[in-house]
Protein chains: 2
Amino acid sequence: MRIGELAARAGTTTRTLRYYESRGLLPARRGTNGYRSYDEGDLKLLRQIRTLQDFGFDLEETRPFVECLRAGHPQGDSCPASLAVYRRKLDELDALIGELTAVRATIAVRLAAADEPPADEPPLCEMGGQEL
Amino acid sequence: MRIGELAARAGTTTRTLRYYESRGLLPARRGTNGYRSYDEGDLKLLRQIRTLQDFGFDLEETRPFVECLRAGHPQGDSCPASLAVYRRKLDELDALIGELTAVRATIAVRLAAADEPPADEPPLCEMGGQEL
DNA sequence: CGTTGCCCTGACGTTGGCGTCAAGGATTAC
DNA sequence: GTAATCCTTGACGCCAACGTCAGGGCAACG
């Protein structure tokens, strides 16, 4: 399989594959004419990368998963290094979601305060404008 | 007040102020020597910008708030254009938080599945291995 | 009068993950 | 045979919000 077909089968572009190769993530064999040659295993590796990328992983963070697959494991997350990335990502996500939720709440409050300023006298009970 | 003092009082850098000026967001008067000159009002504008930036707003998104203040309103979010940005941001945040939460859940599931694989016999309830 | 410390403009560097040419060689379809 | 497609490498472009020089001016202190 050549680069165009692999790209199409993974729903990506040839540019992306060459980029991954340049990063040492997805090296390719070469045919006699210099064309890159890939097999089904490469497709699996590529799909692993793409899935993680869709999750918001950096390219470098996908490396342990790819190496795990290349080492013969059935799943990219069968290796300790991959699981470590998972855990780190969970922490990052929790932190990020927490920050975003706090910002959301702040904005909601300010919006409510500006949307209904005709409060000459403050109401007795103020509920937070939760809308999530 | 010159650029260095304004930057210090707002907890930012002179480079940042020149950048904002280049974007037309925070223009400055000039002294006879060509030095930029700012007043307390500029500090207020700058603080508005910085606050929104900390919330994750794009620079362009802070413009309505700045113009609102410059128009004489006590708060940057006293104008309709600012409130529209608030609402748009709420929607964006809800969408983003939703996606991140979904990813978080997926990763948590995979991590749990890999952490405890000693399940010789499948549990009664199988959840699909969703691949977002 | 020198030196330190502010200020000026202009311009290139950073980060990630590619997109988009450009100029050419190989393959394939008809 | 030749035109349309594919492939190759190389290199610049993009996006945001600045960081970081480079080279020079103005000001005040001792």
Side-chain angles (χ1 to χ4, degrees), chain A residues 1-39 42-43 45-66 85 88-89 92 96 100 103, chain B residues 1-39 42-43 45-66 85 88-89 92 96 100 103:
Chain A
M1 177 170 30
R2 294 182 306 184
I3 195 171
E5 187 182 345
L6 178 61
R9 288 182 63 184
T12 183
T13 68
T14 60
R15 178 69 184 90
T16 296
L17 299 192
R18 294 199 188 94
Y19 177 65
Y20 291 170
E21 182 174 358
S22 79
R23 305 273 81 197
L25 205 58
L26 192 64
R29 279 117 282 167
R30 297 299 182 116
T32 55
N33 52 11
Y35 285 13
R36 289 173 179 81
S37 177
Y38 303 91
D39 58 22
D42 292 319
L43 178 58
L45 298 183
L46 179 53
R47 284 188 168 143
Q48 172 75 82
I49 297 172
R50 292 267 91 199
T51 297
L52 295 176
Q53 283 270 88
D54 288 345
F55 283 175
F57 284 52
D58 294 343
L59 257 194
E60 275 312 307
E61 292 176 324
T62 72
R63 198 179 293 274
F65 296 80
V66 174
V85 174
R88 203 152 45 73
K89 215 63 190 177
E92 285 178 24
L96 182 55
L100 293 178
V103 168
Chain B
M1 174 167 35
R2 293 181 305 184
I3 195 171
E5 187 183 344
L6 178 60
R9 288 181 64 185
T12 182
T13 68
T14 60
R15 179 69 183 91
T16 295
L17 299 190
R18 295 197 187 96
Y19 177 65
Y20 290 170
E21 182 174 359
S22 79
R23 306 273 80 197
L25 205 59
L26 192 64
R29 278 117 283 167
R30 296 300 181 117
T32 56
N33 52 9
Y35 286 12
R36 288 172 179 82
S37 177
Y38 303 91
D39 58 22
D42 292 319
L43 178 57
L45 297 183
L46 180 52
R47 284 189 169 143
Q48 172 75 83
I49 297 171
R50 291 267 91 198
T51 297
L52 295 176
Q53 283 271 88
D54 288 345
F55 283 174
F57 284 52
D58 293 344
L59 257 195
E60 276 311 308
E61 292 177 323
T62 72
R63 199 179 292 274
F65 296 81
V66 174
V85 174
R88 205 152 43 74
K89 214 63 191 178
E92 285 178 24
L96 182 55
L100 293 178
V103 168

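When reading the values below, keep in mind they use all heavy atoms of this one structure, side chains included, and skip hydrogens, waters and symmetry mates. Quick note on labels: first sequence line is chain A, next is B, and so on, each numbered from 1. Keep in mind it's a predicted model, so treat the numbers as computed, not measured.
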Could you tell me the separation between the [atom1] atom of [X] and the [atom2] atom of [N], rounded to a whole number of Å?
X     : N      : atom1 : atom2 : answer
B:R30 : C:dC6  : CZ    : C1'   : 15 Å
B:E60 : D:dA16 : CD    : C1'   : 11 Å
B:Y19 : D:dA16 : OH    : P     : 7 Å
A:E21 : D:dT9  : CD    : C1'   : 12 Å

Closer than 4.0 angstrom, basic N to acidic O: yes or no for A:E92 and A:K89?
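Yes, this pair counts.
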Salt bridge flag under 4.0 Å for residues A:R9 and A:D42:
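The answer is no: the pair does not qualify as a salt bridge.
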The side chain of [X] lies closest to which of these nucleotides: [options]?
X     : options                : answer
B:Y35 : D:dG19, C:dT27, D:dC26 : D:dC26
B:T16 : C:dC7, C:dT9, D:dC18   : D:dC18
A:R18 : C:dC8, D:dC26, D:dT8   : D:dT8

A:D58 side-chain N/O to A:E60 backbone N/O, donor-acceptor pair under 3.5 Å:
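Not at all, since once roles are kept as given, no pair shorter than 3.5 Å links the two residues.
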Looking at [X], I'd like to know whether one of its side-chain N or O atoms comes within less than 4.0 Å of OP1 or OP2 on [N].
X     : N      : result
A:Q53 : C:dG16 : no
B:Y20 : D:dA17 : no
B:R2  : C:dC6  : no

Answer with yes or no whether B:R15 presents, from its side chain, a donor or acceptor under 3.5 Å of a partner atom in the base of D:dT20.
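Yes, a donor-acceptor pair under 3.5 Å.
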